[in-house]
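Structure first, then comments.
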Amino acid sequence: MPINIIAVNRRKQLEAERDRLILDSVDDGIVSIGLDGNITLINGKAADMLQSVGDSVGSPVSELMPGSMMAEVAVSGRESLGKLITVNGRKFVINQRPIMLGGSSTGAVATIQPYDRVIRTAKIAQKNASKGLVAKYSLDDFMYADPMMEKVIEKARRYAATDSTILLSGETGTGKEILAHGIHHASHRRNGPFVSVNCSALPESLLESELFGYEPGAFTGSSREGKAGLFELADNGTIFLDEINSMPIEVQNVLLRVLQGKELRRVGGHDLLKVNVRVIAATNRNLVGEIHAGRMREDLYYRLNVLTIEVPPLRKHRGDIHYLTEHFLAKMAELNGTLPLELPDDCMTRLACLNWPGNTRELQHFAERLAVLMPPGDFDRTVFEELYSEVFHISEALGTEALPPVRPAAAHPSPVSPPPSAANAPLTKERIIEALAAAGGRKSRAAEILGVGRTTLWRAMSKYGIDTE
């Protein structure tokens, strides 16, 4: 046999082995069938759950999973979710979906979970929700249009699939907390607790006891019953340590031991408690500089600096300023029950030239003030100039890098101005639907394709009865 054929066959064997290991590593059982209703694949978890004897591949799925609808799903192409079946006296919840290729169903795949595990997970999620220990945002809530931010979100999605410690760095107001929520929400820990801690907001004297808990009577004023710390509350979930650079050295020493040993000791206690917590830390400072200044332990830095994401300041992705301004104005209009305020192109361009030292948070507050102070349904340039002047002078005073200011007399195009041909074409219902399809449903991108502002698109969609959600 030629050497290249041997190499190809060996590579196929390795790929098949890799795929098998991936399927066997997930917590759910997985079974797939062809259109004939016979099993084409079953992973180890499914074989264990269903007590499959021998190789089930090639046998009818109805024999292994009586009561399932996999054969019907494969033929009809319609999914069946949350179906309860009983196999060998045990209850399972199965989600069944068709395998679509070229627009036609070629079979079906089912994911299988024990019923008691589903109920237990739901109870844990409900308990965490009642305590407020849940992620409030997903990665889809991170608003952006600039390709630079697309790379940031894509990296966050990849990191979410791991259990490694993550360090987020970036200036104040860039969205590090939303990103941390989103990473937890996208991870396998999503049903576990999410605990957010601002290390600079807690007094130094209380930070250690709040993070790691304390035993009864550990110090003056402590509870007689003792108290579980935030790390204990985050067990089997994620803890977000914001402004980690503000953590005192003494507390850093304790945190280092927790990260190294995955166990903690309450203040005033002797017993070691095991904790299964994923740590996401965030900083608005250069931590290497903090090490040189004696404010950060070098060994802790290396423990935190495993997977890193640098969230760029708004001035580094100015293309998002137009998009975010329209988004924030639209949200304010929704809250107030009014039409969104639409800014002239020259005003949008001037906003894109500011350096926004407070980043997205500062831009959001600016848009809120603008929406509140503008006359309903009208644009007042005097109000805009007053608010613009405030932000401009703050930017100058803080001295961050900025583009030259654009004065009102200079009529510059919008940062996302469309080609003239697109701007002059009639805005019909058909064109809107085509643009939304081409943009994958993203209204900001559809507006660019059509050559109109997002607010104009929103009004036209409302006029034609197209869903604006």
Side-chain angles (χ1 to χ4, degrees), residues 8-75 77 79-101 105-125 157-164 183-192 235-238 262 274 276-278:
V8 168
N9 289 338
R10 177 58 178 162
R11 187 168 65 250
K12 287 182 177 178
Q13 290 175 355
L14 290 173
E15 289 174 352
E17 178 66 11
R18 181 199 62 189
D19 292 344
R20 185 188 66 78
L21 289 172
I22 291 172
L23 287 172
D24 285 343
S25 70
V26 299
D27 290 333
D28 294 346
I30 299 175
V31 176
S32 69
I33 64 168
L35 287 173
D36 58 2
N38 292 335
I39 295 171
T40 57
L41 177 149
I42 177 170
N43 72 343
K45 288 289 195 313
D48 291 342
M49 290 178 191
L50 304 174
Q51 299 177 12
S52 172
V53 179
D55 189 359
S56 298
V57 173
S59 61
V61 71
S62 57
E63 294 180 2
L64 184 67
M65 298 168 59
S68 76
M69 297 178 58
M70 288 194 72
E72 292 89 333
V73 169
V75 173
E79 65 183 17
S80 170
L81 305 180
K83 182 169 178 58
L84 184 65
I85 63 170
T86 302
V87 180
N88 298 322
R90 289 188 65 195
K91 293 181 179 180
F92 299 95
V93 176
I94 58 174
N95 292 321
Q96 306 163 98
R97 293 180 172 87
I99 302 172
M100 305 298 292
L101 289 175
S105 176
T106 61
V109 61
T111 56
I112 309 163
Q113 297 181 62
Y115 175 74
D116 54 356
R117 193 177 85 191
V118 174
I119 296 300
R120 187 168 61 252
T121 300
K123 287 181 177 178
I124 291 172
R157 291 189 193 281
R158 293 202 305 272
Y159 288 177
T162 76
D163 257 344
S164 300
I183 290 171
H184 172 78
H185 190 273
S187 75
H188 71 90
R189 295 173 176 266
R190 67 180 67 88
N191 292 318
D235 196 29
N236 294 316
T238 302
K262 302 294 182 183
K274 285 285 185 181
N276 174 21
V277 178
R278 200 260 186 90

Could I get the full list of side chain to side chain contact (heavy atoms under 4.5 Å, CB included) partners for A186, not counting sequence neighbours?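 Once residues adjacent in sequence are excluded, the partners of A186 under the side chain to side chain contact (heavy atoms under 4.5 Å, CB included) criterion are L139, A160.
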Main chain of [Y], side chain of [X]: is a donor-acceptor contact present, judged purely on distance under 3.5 Å?
X    : Y    : answer
S105 : V75  : no
Q96  : A108 : no
N276 : D235 : no

How far does [atom1] of [X] sit from [atom2] of [Y], to the nearest 0.5 angstrom?
X    : Y    : atom1 : atom2 : answer
I39  : M70  : CD1   : CE    : 8.0 Å
I42  : L64  : CD1   : CG    : 5.0 Å
R90  : L50  : CZ    : CG    : 9.0 Å
T111 : R97  : OG1   : CZ    : 6.0 Å
I94  : I112 : CD1   : CD1   : 6.5 Å
D28  : K45  : CG    : NZ    : 9.0 Å

Those residues that, when tested against R189, pass salt bridge (charged side-chain N to carboxylate O under 4.0 Å, His left out) (two or more places apart):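 So R189 forms a salt bridge (charged side-chain N to carboxylate O under 4.0 Å, His left out) with D163.
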Heavy-atom pair with the smallest gap, counting every atom of P66 and V87: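 Between these two residues, the closest heavy atoms are CD-CG2, 4.3 Å.
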Heavy-atom pair of closest approach, residues M69 and S80: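 Smallest interatomic distance, heavy atoms only, reads SD-OG, 4.0 Å.
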Does the side chain of V277 reach to within under 4.5 Å of the side chain of K262, using non-hydrogen atoms?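 No, side chains not in contact.
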For a quick test of your reading: what N or O donor-acceptor pairs under 3.5 Å do the side chains of residues 29-38 make, sequence neighbours left out?
{"unit_1": "S32", "atom_1": "OG", "unit_2": "T40", "atom_2": "OG1", "d": "2.7"}
{"unit_1": "S32", "atom_1": "OG", "unit_2": "L41", "atom_2": "N", "d": "3.4"}
{"unit_1": "D36", "atom_1": "OD1", "unit_2": "N38", "atom_2": "N", "d": "3.0"}
{"unit_1": "D36", "atom_1": "OD2", "unit_2": "N38", "atom_2": "ND2", "d": "3.2"}

Between T162 and R278, is any side-chain donor less than 3.5 angstrom from a side-chain acceptor?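 T162 vs R278: donor-acceptor pair found between side chains.
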